[in-house]
Number of protein chains: 2
Amino acid sequence: MTDEPDKSKFDRSCCPIACALDQLGDKWTLLIIRDLLLGKKRYQEFLASPEQIATNILADRLKKLEADGFVVQQAYQQNPVRYEYKLTQKGEDLAPVLQALVTWGKSHYPGSRVFKAVKP
Amino acid sequence: MTDEPDKSKFDRSCCPIACALDQLGDKWTLLIIRDLLLGKKRYQEFLASPEQIATNILADRLKKLEADGFVVQQAYQQNPVRYEYKLTQKGEDLAPVLQALVTWGKSHYPGSRVFKAVKP
DNA sequence: GTAAGTTACTTGCTTAATGCAAGTTACTCT
DNA sequence: AGAGTAACTTGCATTAAGCAAGTAACTTAC
């Protein structure tokens, strides 16, 4: 019952790459962050992305992204409460990582191309 | 029986991030590439990394990395044949992605730090 | 020259994550 | 009133990850 922070320091090692992959290392999380960086905010917008994420996985990832401090929820209506998701600074700071991935991906997967940002 | 390339175009979408994550989107693959960029070449060197990858997963990932063109094997002895692994250009081109992840990780996981490159 | 060690794996089994389809709640719009 | 929409949840099958142990073919130490 001490007041130690619940995070158990480093999951696998103190390497910043390992720390990052503990939270981002799967097939979906970075795609959701991509969508958020492109301006998407709502559940249906994420579902509409061409990669066809399953609804249970999307719900699970949004929960984890919030728990890990990448996004915050903001209610945009009551009864029932509905939330929009927006990136925190931690999440937005991933933009250079995604940008590097795009640069790499475009040169190694000819024909691939990025999507347009959604209108606000 | 046409001579179409065996790769089925794009796994999930034509987004370069999605293409990248189809091959790199897990907890281990980028850590092995990190090790290779740091100069590691052999099975035991990868196993010695502090994240403690399981032997079956390491063997599986090395196979996939070769199949996907990130690394090539080079025999360094016969009887039995033993291989070293080295990055292809495709693999080395991931350095900026890893660098961006390191920059992000160091600022968001205080106390994390990169390992030294191994001596050749 | 035998026994212990090293290297690069493979195999078997358990647990966790992913994927698919359908169901639910609380509205709004026609 | 009935259909539609948004944001999920639940159940179940498939796939991947994790753990421990085993194997083949040497090499080195005694």
Side-chain angles (χ1 to χ4, degrees), chain A residues 8 10-13 17-18 20-33 35-36 39-68 71-86 118, chain B residues 8 10-13 17-18 20-33 35-36 39-68 71-86 118:
Chain A
S8 56
F10 302 119
D11 262 21
R12 288 187 294 182
S13 83
I17 300 172
L21 293 178
D22 284 335
Q23 304 193 298
L24 304 168
D26 73 346
K27 278 196 172 358
W28 294 108
T29 303
L30 284 174
L31 288 182
I32 296 171
I33 289 172
D35 283 353
L36 285 158
K40 295 189 178 185
K41 294 178 188 61
R42 297 187 184 180
Y43 200 85
Q44 291 301 321
E45 292 182 288
F46 303 127
L47 279 186
S49 288
E51 292 85 10
Q52 302 273 54
I53 189 171
T55 59
N56 55 344
I57 294 171
L58 176 56
D60 177 80
R61 290 305 183 281
L62 289 171
K63 236 172 256 169
K64 285 182 177 163
L65 283 171
E66 216 212 346
D68 292 342
V71 302
V72 283
Q73 291 181 319
Q74 291 185 314
Y76 67 88
Q77 75 167 42
Q78 299 295 325
N79 253 322
V81 193
R82 289 287 153 83
Y83 297 100
E84 290 185 331
Y85 297 87
K86 66 184 287 266
V118 300
Chain B
S8 56
F10 302 118
D11 263 20
R12 288 187 295 181
S13 82
I17 300 173
L21 293 178
D22 284 335
Q23 304 191 298
L24 305 169
D26 73 344
K27 279 196 169 1
W28 294 109
T29 303
L30 283 174
L31 289 182
I32 296 171
I33 289 171
D35 284 352
L36 285 159
K40 295 189 177 184
K41 294 178 188 60
R42 296 185 185 181
Y43 200 85
Q44 291 299 322
E45 294 182 287
F46 303 126
L47 279 186
S49 289
E51 291 86 10
Q52 303 271 56
I53 190 171
T55 59
N56 54 345
I57 294 170
L58 176 56
D60 176 81
R61 289 306 184 281
L62 288 171
K63 235 172 259 170
K64 285 182 179 164
L65 282 170
E66 215 211 346
D68 293 341
V71 303
V72 285
Q73 290 183 318
Q74 291 185 312
Y76 67 89
Q77 77 168 38
Q78 298 294 325
N79 253 323
V81 193
R82 287 289 154 81
Y83 298 100
E84 289 184 333
Y85 298 87
K86 65 182 288 265
V118 301

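Atom set for the values below is all heavy atoms of this structure, side chains included, hydrogens, waters and symmetry mates excluded. In what follows, every chain begins at residue 1, and chains take the letters A, B, ... in the order their sequences are listed.
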Taking only the side-chain heavy atoms of B/A59 (C-beta and beyond), determine which of C/dG19, C/dA8, C/dC9 contains the nearest atom. C/dC9

side-chain N/O A/Y85 vs D/dA6 OP1/OP2, d < 4.0 Å: no

Sorted by position of nearest nucleotide on DNA chain D, 5' first, the leading residue of B/Q77 and A/Y83 is A/Y83

When all nucleic acid strands are considered with a 4.0 Å heavy-atom cut-off, which category describes A/F46: base, sugar-phosphate, or nothing? nothing

Answer with base, sugar-phosphate or nothing: what part of the nucleic acid does B/N56 contact at a heavy-atom distance below 4.0 Å? base

Atom-pair distance (CD1 on B/I57; P on C/dT11), nearest Å: 16 Å

Remember a base hit wins even if backbone is also touched, and classify B/K64 as base, sugar-phosphate or nothing at under 4.0 Å, heavy atoms. nothing

Using whole Å, report how far CG of A/L31 lies from C1' of C/dT18. 14 Å

Quick check: are there more than 12 heavy atoms from other residues, nucleotides or ligands sitting under 6.0 Å from NZ of A/K27? yes

note: B/K27, atom NZ; C/dT18, atom P; distance rounded to Å ~ 8 Å

Between A/D22 (CG) and D/dG18 (P), how many Å, whole number? 10 Å

A/I53 CD1 to D/dC8 P, in whole Å, measures 13 Å

Let me know the distance between CD of B/E45 and C1' of C/dT6, rounded to the nearest Å. 14 Å

Looking only at heavy atoms, which two atoms of B/L47 and B/I53 are closest? And how far apart? CD2-O, 3.6 Å

Does a distance-only test, which skips hydrogens and angles, find a donor-acceptor pair under 3.5 Å between the side chain of B/R82 and the base of C/dA8? no

With a 4.0 Å limit, can you tell me whether B/K63 has a side-chain N or O closer than that to the phosphate oxygens OP1/OP2 of C/dA8? no

Return the CG to CG distance between B/L65 and B/L36, rounded to the nearest 0.5 Å. 7.5 Å

When every non-hydrogen atom of B/D22 is compared with those of B/D11, the smallest separation belongs to OD2-CB, 2.8 Å

Phosphate oxygens OP1/OP2 of D/dG18: is one of them under 4.0 Å from a side-chain N or O of B/W28? yes

A/D26 has an atom CG; how far is it from atom C1' of D/dT15, in whole Å? 15 Å

Measure from NZ or CZ of B/R61 to the centre of the six-membered ring of B/F46, then state whether that distance is under 6.0 Å and the direction lies within 45° of the axis. no

Given C/dT7, D/dC19, D/dA7, which nucleotide is nearest the side-chain atoms of A/R42? D/dA7

Taking only the side-chain nitrogens and oxygens of B/R61, find out if one of them lies under 4.0 Å from OP1 or OP2 of D/dA17. yes

Sorted by position of nearest nucleotide on DNA chain C, 5' first, the leading residue of A/T55 and A/Q78 is A/T55

From the candidates D/dA20, D/dA6, D/dG18, the one with an atom nearest any side-chain atom of A/Y76 is D/dA6

Between CG of B/D11 and C1' of C/dT18 the distance, given in whole Å, is 15 Å

Test your reading of the model: is there a side-chain donor-acceptor pair from B/Y85 to the backbone of B/Y43, 3.5 Å cut-off? no

Distance below 4.0 Å between A/Y43 side-chain N/O and D/dT9 OP1 or OP2: no

